Undergrad: 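Right, I'll just put the structure down here and ask away after.
What you see below is based on every heavy atom in this structure, not just the backbone, and it leaves out hydrogens, waters and symmetry mates. Quick caveat: nothing in here was measured; it's all calculated off a predicted structure. Residue numbers begin at 1 in each chain, while the letters A, B, ... track the order of the sequences.
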Amino acid sequence: MFSHLQHLIIFRPFFCPMKSQEIRSKYLEFFKSNAHTIVPSAPMVIKDDPTLMFTNAGMNQFKEYFLGNSLPKSTRMTDTQKCLRVSGKHNDLEEVGMDTYHHTMFEMLGNWSFGDYFKKEAIHWAWELLTEVFKIDKNILYVSVFEGSSDDNLELDKEALELWKAIVPEDRIILGNKKDNFWEMGDQGPCGPSSEIHVDIRSEEEKAKVPGRDLVNADHPQVVEIWNLVFMEFNRKADGSLEKLPAKHVDTGMGFERLCMVLQHKKSNYDTDVFTPIISEIEKVTSSKYGKSEKTDIAIRVIADHVRAVTFSIADGQLPSNTGAGYVIRRILRRAIRYGFTFLNTKEPFIYKLVDTLSTQMGETFPELKSQKNLCKNVIKEEEQSFLRTLDQGLILLENIIEKTEGKTVSGKKAFELYDTFGFPIDLTALILRERGYKLNEEEFNSELQKQKVRSRAASVIIAGDWQILGEEESQNFIGYDELLADVKITRFRKVAGQKGELFQIVLDKTPFYPEGGGQVGDKGYLKSSDGEMIKITDTKKENNLIIHFTKNLPKDPSATFKAVVDSKKRILTQANHSATHLLHQALRNVLGEHVEQKGSMVSSEHLRFDFSHFSKLTAVEIDEVENFVNERIREKLPLIEQRDLEYKQAIKQGAIALFGEKYGDSVRAIRFGNSMELCGGTHVQNTADIWYFKIISEGAVAAGIRRIEAITGDAVKAYFSGQTETLNEIRAELKNTKTPVKAIHSLQEENAALKKQVEALLREKAKNLKNELKNELNNINGIEFLAKKVDLDASGVKDLAFQLGETGNNLFLLLASEQDGKALLSCYISKELVAERDLDAGKVVRELGKYIQGGGGGQPFFATAGGKNPAGINEALEKAITYIE
RNA sequence: GGGGGAUUAGCUCAGUUGGCUAGAGCGUUUGGCUGGCAGCCAAAAGGUCAUCGGUUCGACUCCGAUAUUCUCCA
């Protein structure tokens, strides 16, 4: 006791609370001293789990251990995990920044037991860490225990209750319902009761008014949950029932930012040193002040929070885009821009300027922030510029809407259109309308939004059934590096119903099929049973470390042994493209510089696509150099050197290229061709000579600071070249086998332009002659210059003629007829003056005369045309024309 | 993955129920004014109305497909 006090006095004077850095490391060290292995944070962006776009809890990276799909290296681990939440129980994106304790991006401190310790240790360590290491006053802590649930036939968590009773007074223990104290991963999967620790940091006066235990789980900003201890012991099945897991696990999560708030004696997460550096930078670049008004405070919190989320995502390789995870990032960034625009009056990009501060502040713990700093800045700046343009455009459109609005209520449909089609934020619309004294029909807007949501959801509903387990997978499950066929057994399968009908997912005991990953597409092929039944495998993917084969139908006897056959033709072409991708990566770093980093990759049997960080368009010379570099490596016939179980640190030391935002285990696979060495799980050719030839097809930009190269190899290059040659030959042939086709085309184009002008001039001349001719034939009848005549011109020629004649007088009535392709055409021109004076209508004329040629038509009062299929009636139509002016 | 919009001169964009032989501003070229420049005035050049197909007497306009792009939802 005394030693604790001394510690407090010497190192922790009251006015100098622990820095956030120190809090983080104390947590990790505490569990390390209790035999936990410290592991790094997994990337925030998730790649091989279709049910999740971002890491939203500390447990995500361990999901496969809880599901039993693979075994952990150690049964006790601890980490800090970067997480992103944009929707959920208490966490709607639109709410972040309004209060002082919700975030999109946050750190989750966790300690984990995989079939090792359970409730007793988890509870004791949590209490010890909080009260003895961090020295939080026991009198401000509350704990909760699961009360049981009749739906699931579960009883009160007596074990946890007893454990807590031994250390906490009973009046500080709260029983919680299923919603608060029974944790589930999703609709299906591992789950279990939990115990939460809450902290009450209100002032003494406040506490006297309302007891803290009444405010637990009541959304009070200063009575908050800081630690959730989950005791995983059940598996939720598709039908909703629970079954016991073979092993019990512990999953805990403590919000780092909240812990800092408590330990630094602040009332808001944003007042801790996790946020203060960013906030003061925002104050600086926007010339605003935090703490002066509610509106600017919210805006500043929104920006401080969102810049973290966006920067971490981009550093992990997830760029803003218009689909999937990229779209979530875009939305977050745009929300920050819009708050700055409206409340801090920022009309120029500024958020990108905050990246430096963030990188300095957190770059030690998360090195990707340092190495990806420039990319983050470029991408954010570009996105800011483009969204500011969208806002400008939207303001104009909104102006139009307001002008056209009768009354004082603007249609929700219009507002929705502005939002949906033009991306103009609805709250900004509402704000502007309010300022102008208009109202927005919000009900109508919401119903439009709801319609759109329903439509989208219906289009993406996937219903997965329970796995039917038939056997165990082998530990070395993927054998496709060495084999393209194998005798296999189905270990589990399930039915999945989606928009495009039903299909089956099959898992094999071992498989030669490569699952989509690392940019390489999944293998196709088939399974064949001994009695000749064939099941086509349409795709292969990886889900939570399980290799899943997609097929339209199930074999008659799933328990039989099958011959698994990979479509080797496709696979071999794909391998050539994948190896070429590595050489391309090396070439780019060589030609352009070391700043080139892979930002995305797609390798199929047809072609390869490679996205990388670079700031400017590649010149023709650079593209040539890159191509030559790759082709030289191909000609050098470099053999594949594959190391399957290399230690990660060892690989990096040897110079292997690892990707940011990619999760690597301790043991990695390294692929080397000469001096190109990359960590890669994909399949490759045995020798670069197998690539044959490499050709870049296109080069362009995908985002600020990111460029894309598309290329082909081998036979595809041959096909490409022979196609090009064929086209060239055809061009040559057309040009009478000239040696200089480009020159020939050029002169043809010039000649063509000159001829066009000549023809135009001639036609004009001809029309003039014809015009003069017809002018002489005009008859003056009742003061009207009249002519009805058949001419030999096409539709536009007749029109030209009529208009030219029209210019020569103001009392013309023309009916011109012509015949083209067995069809008849009547055109009537009446001077506008006549139309007005005599109430004539060319449209009416042609419609009526059209009867004689069995057709119809119309036009304007002064010029109209009609077409018909009976040229024999032309004469009669011409004769009748005079009746209109008599 | 699903929905909505856009694509017209070098650039930014108009083009009303299908019919004014497609317009504006900026830019370009030429000429003029001015001592020179900035500038002003005048004139001209510049368009397969994204591509292909359909409906129609007639399509920039309507319909379908494709491409590119923006945007919302999942």
Side-chain angles (χ1 to χ4, degrees), chain A residues 50-53 86-87 93 320-328 330-331 334 383 386-387 389-394 396-397 400 404 413-426 445-446 448-462 498-500 698 700-702 749 752-753 756-757 760 763-764 767 793-807 816-821 823-829 832 835 841-843 845-871 877:
Chain A
T51 62
L52 210 54
M53 289 192 284
V86 284
S87 57
L93 176 59
S321 75
N322 58 359
T323 53
Y327 179 57
V328 175
R330 169 169 285 173
R331 255 170 56 198
R334 291 191 165 187
E383 188 70 22
S386 103
F387 189 56
R389 272 198 300 272
T390 302
L391 288 178
D392 274 341
Q393 184 77 14
I396 295 168
L397 292 169
N400 285 338
K404 284 183 189 153
K413 267 194 175 159
K414 284 267 184 234
F416 181 76
E417 189 191 329
L418 191 58
Y419 165 75
D420 180 54
T421 303
F422 300 100
F424 196 72
I426 186 62
F445 176 86
N446 286 329
E448 288 294 313
L449 184 64
Q450 208 50 40
K451 271 190 229 161
Q452 148 124 319
K453 285 191 175 176
V454 167
R455 209 168 38 222
S456 287
R457 217 167 276 144
S460 67
V461 165
I462 294 169
Q499 196 67 0
K500 284 171 190 149
S698 77
V702 268
Q749 281 172 334
N752 187 33
K756 256 191 197 162
K757 284 199 171 157
E760 244 172 67
L763 282 178
R764 230 174 291 136
L793 287 169
D794 68 354
S796 66
V798 173
K799 195 173 183 181
D800 266 347
L801 180 63
F803 275 78
Q804 291 206 13
L805 267 172
E807 281 170 13
L816 300 173
S818 63
E819 196 180 331
Q820 206 93 48
D821 303 327
K823 286 185 177 173
L825 179 73
L826 298 178
S827 306
C828 178
Y829 181 94
K832 282 180 180 166
V835 171
D841 182 353
V845 172
V846 295
R847 264 193 302 277
E848 288 173 5
L849 296 181
K851 283 186 292 198
Y852 300 108
I853 55 166
Q854 291 179 28
Q860 303 123 280
F862 77 102
F863 182 77
T865 56
K869 53 194 170 187
N870 178 28

Undergrad: Name the stems with RNA chain B in them: runs of three or more consecutive Watson-Crick or G-U pairs, distances under 3.5 Å?
TA: B:1-7 with B:67-73, B:10-13 with B:23-26, B:28-33 with B:39-44, B:50-54 with B:62-66
Undergrad: B:rG10 and B:rC63: how far apart are their C1' atoms, nearest whole angstrom?
TA: 33 Å
Undergrad: To the nearest Å, give me how far apart CZ (A:Phe387) and C1' (B:rC70) are.
TA: 13 Å
Undergrad: Please compare A:Arg331 and A:Gly856 by the position of their nearest nucleotide in RNA chain B and report the one closer to 5'.
TA: A:Gly856
Undergrad: Work out how far the C1' atom of B:rC60 is from that of B:rC26, and round it to whole angstrom.
TA: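 About 23 Å, rounded to a whole number of Å.
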Undergrad: Could you tell me whether the side chain of A:Ser386 reaches within less than 4.5 Å of the side chain of A:Arg334, counting heavy atoms only?
TA: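 Side chain of A:Arg334 against side chain of A:Ser386, heavy atoms only: contact under 4.5 Å found.
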Undergrad: Nearest whole angstrom, please: distance from the P of B:rU71 to the CG of A:Leu449.
TA: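 Roughly 18 Å, once rounded to whole Å.
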Undergrad: With rounding to whole Å, what would you report as the distance between B:rG39 and B:rA45 at their C1' atoms?
TA: 23 Å
Undergrad: Hey, does A:Lys799 have a side-chain heavy atom less than 4.5 Å from the side chain of A:Phe863?
TA: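 When only atoms from C-beta onward are counted, A:Lys799 and A:Phe863 do touch, with a gap below 4.5 Å.
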Undergrad: If I compare all heavy atoms of A:Arg847 with all of A:Gly857, which pair ends up nearest, and what's the gap?
TA: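 Minimum heavy-atom separation between A:Arg847 and A:Gly857: CG-O, 3.2 Å.
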Undergrad: Kindly say if A:Arg334 contacts the phosphate of B:rC72, meaning a side-chain N or O under 4.0 Å from OP1 or OP2.
TA: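 Answer yes for this pair, as a side-chain N or O of A:Arg334 is under 4.0 Å from OP1 or OP2.
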Undergrad: How many angstroms lie between CD in A:Gln393 and CZ in A:Phe387, if you round to the nearest 0.5 Å?
TA: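 The distance works out to 13.0 Å.
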Undergrad: Distance from A:Leu418 atom CG to A:Lys413 atom NZ, nearest 0.5 Å?
TA: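 It is 16.0 Å, given to the nearest 0.5 Å.
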Undergrad: In whole Å, what separates the C1' atom of B:rA9 from that of B:rG27?
TA: 11 Å
Undergrad: What integer number of Å spans the C1' atoms of B:rU71 and B:rG25?
TA: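 The answer is 28 Å between these two C1' atoms.
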Undergrad: Heavy atoms only: give me the nearest A:Pro861-A:Asp841 pair and the separation to one decimal.
TA: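 It is CA-OD1, 3.4 Å.
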Undergrad: Side chains of A:Leu805 and A:Tyr829: does their closest heavy-atom pair fall under 4.5 Å?
TA: no
Undergrad: Can you tell me, in whole Å, how much space there is between the C1' of B:rA44 and that of B:rG19?
TA: 30 Å
Undergrad: If you define the side chain from C-beta out and look only at heavy atoms, does anything of A:Leu397 sit under 4.5 Å from A:Phe424?
TA: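 Side chain of A:Leu397 against side chain of A:Phe424, heavy atoms only: no contact under 4.5 Å found.
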Undergrad: Might you point out which heavy atoms bring A:Cys828 and A:Val845 nearest each other, and give the distance in Å?
TA: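 Taking A:Cys828 first and A:Val845 second, the nearest heavy atoms are SG-CG1, 3.9 Å.
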Undergrad: In whole angstrom, give the distance that lies between atom CD of A:Gln450 and atom C1' of B:rG2.
TA: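 Roughly 15 Å, once rounded to whole Å.
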Undergrad: For nucleotides 5-15 of chain B, read 5' to 3', which letter fits each nucleotide if B means a protein heavy atom sits under 4.0 Å from the base, S means only the sugar-phosphate is that close, and - means neither?
TA: S----------
Undergrad: Round to the nearest Å and state the distance from A:Leu397 atom CG to B:rU71 atom P.
TA: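 To the nearest whole Å, that distance equals 14 Å.
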Undergrad: Going by the salt bridge (charged side-chain N to carboxylate O under 4.0 Å, His left out) test, which pairs reach into residues 450-462 of chain A, not counting sequence neighbours?
TA: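 Salt bridge (charged side-chain N to carboxylate O under 4.0 Å, His left out) check on residues 450-462 of chain A returns A:Glu448-A:Lys451.
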Undergrad: I need the A:Phe416 CZ to A:Thr421 OG1 distance, nearest 0.5 Å.
TA: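 Going from the CZ atom of A:Phe416 to the OG1 atom of A:Thr421 covers 7.5 Å.
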Undergrad: Polar atoms only, N or O, under 3.5 Å: list the protein pairs with nucleotides 64-68 of chain B and their distances.
TA:
none

Undergrad: List in chain and number order the residues that pass side-chain hydrogen bond (donor to acceptor under 3.5 Å, both in side chains) with A:Asp420, two or more places apart in sequence or in another chain; answer none if no residue qualifies.
TA: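 A:Asp420 satisfies side-chain hydrogen bond (donor to acceptor under 3.5 Å, both in side chains) with A:Gln452 only.
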Undergrad: If you measure from the P atom in B:rG36 to the same atom in B:rG46, how many Å do you get, rounded?
TA: 32 Å
Undergrad: Output the rounded distance in Å from OH (A:Tyr829) to C1' (B:rG58).
TA: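 To the nearest whole Å, that distance equals 18 Å.
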Undergrad: When you compare B:rC13 with B:rC49, how far apart are their C1' atoms, in angstrom units rounded to a whole number?
TA: 14 Å
Undergrad: Determine the minimum heavy-atom distance between A:Leu826 and A:Ala877, stating which atoms define it.
TA: CD1-CB, 4.2 Å
Undergrad: Return the minimal non-hydrogen interatomic distance between A:Val798 and A:Ser818, and the atom names on each side.
TA: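 Taking every non-hydrogen atom into account, CG2-OG, 4.1 Å.
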Undergrad: Applying a 4.0 Å non-hydrogen cut-off, can you work out what A:Gly324 is touching in the nucleic acid: base, sugar-phosphate, or nothing?
TA: base
Undergrad: Looking at side-chain heavy atoms only, is the closest gap between A:Tyr419 and A:Leu449 below 4.5 Å?
TA: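 In short, these two side chains touch, coming nearer than 4.5 Å.
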Undergrad: Can you measure A:Lys414 atom NZ to B:rG4 atom C1' for me and round it to whole angstrom units?
TA: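 Going from NZ in A:Lys414 over to C1' in B:rG4 covers 13 Å.
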Undergrad: Can you tell me which nucleotide in B:rA74, B:rC72, B:rG3 comes closest to the side chain of A:Arg455?
TA: B:rG3
Undergrad: Quick one: A:Ile853 CD1 to B:rC57 C1', roughly how many Å, whole number?
TA: 8 Å
Undergrad: Between B:rG2 atom P and A:Asn322 atom CG, what is the distance in whole Å?
TA: 14 Å
Undergrad: Polar-atom pairs under 3.5 Å, protein N or O versus N or O of nucleotides 17-24 of chain B: list them with distances, or write none.
TA:
unit_1 : atom_1 : unit_2   : atom_2 : d
B:rG19 : O2'    : A:Gln860 : OE1    : 2.3
B:rG19 : O2'    : A:Gln860 : NE2    : 2.8
B:rG19 : O6     : A:Gly859 : N      : 3.3
B:rG19 : N1     : A:Gly858 : O      : 2.7
B:rG19 : N2     : A:Gly858 : O      : 3.3
B:rG19 : N2     : A:Thr865 : OG1    : 2.8
B:rU21 : O2     : A:Asp800 : OD1    : 2.5
B:rU21 : N3     : A:Asp800 : OD1    : 3.0

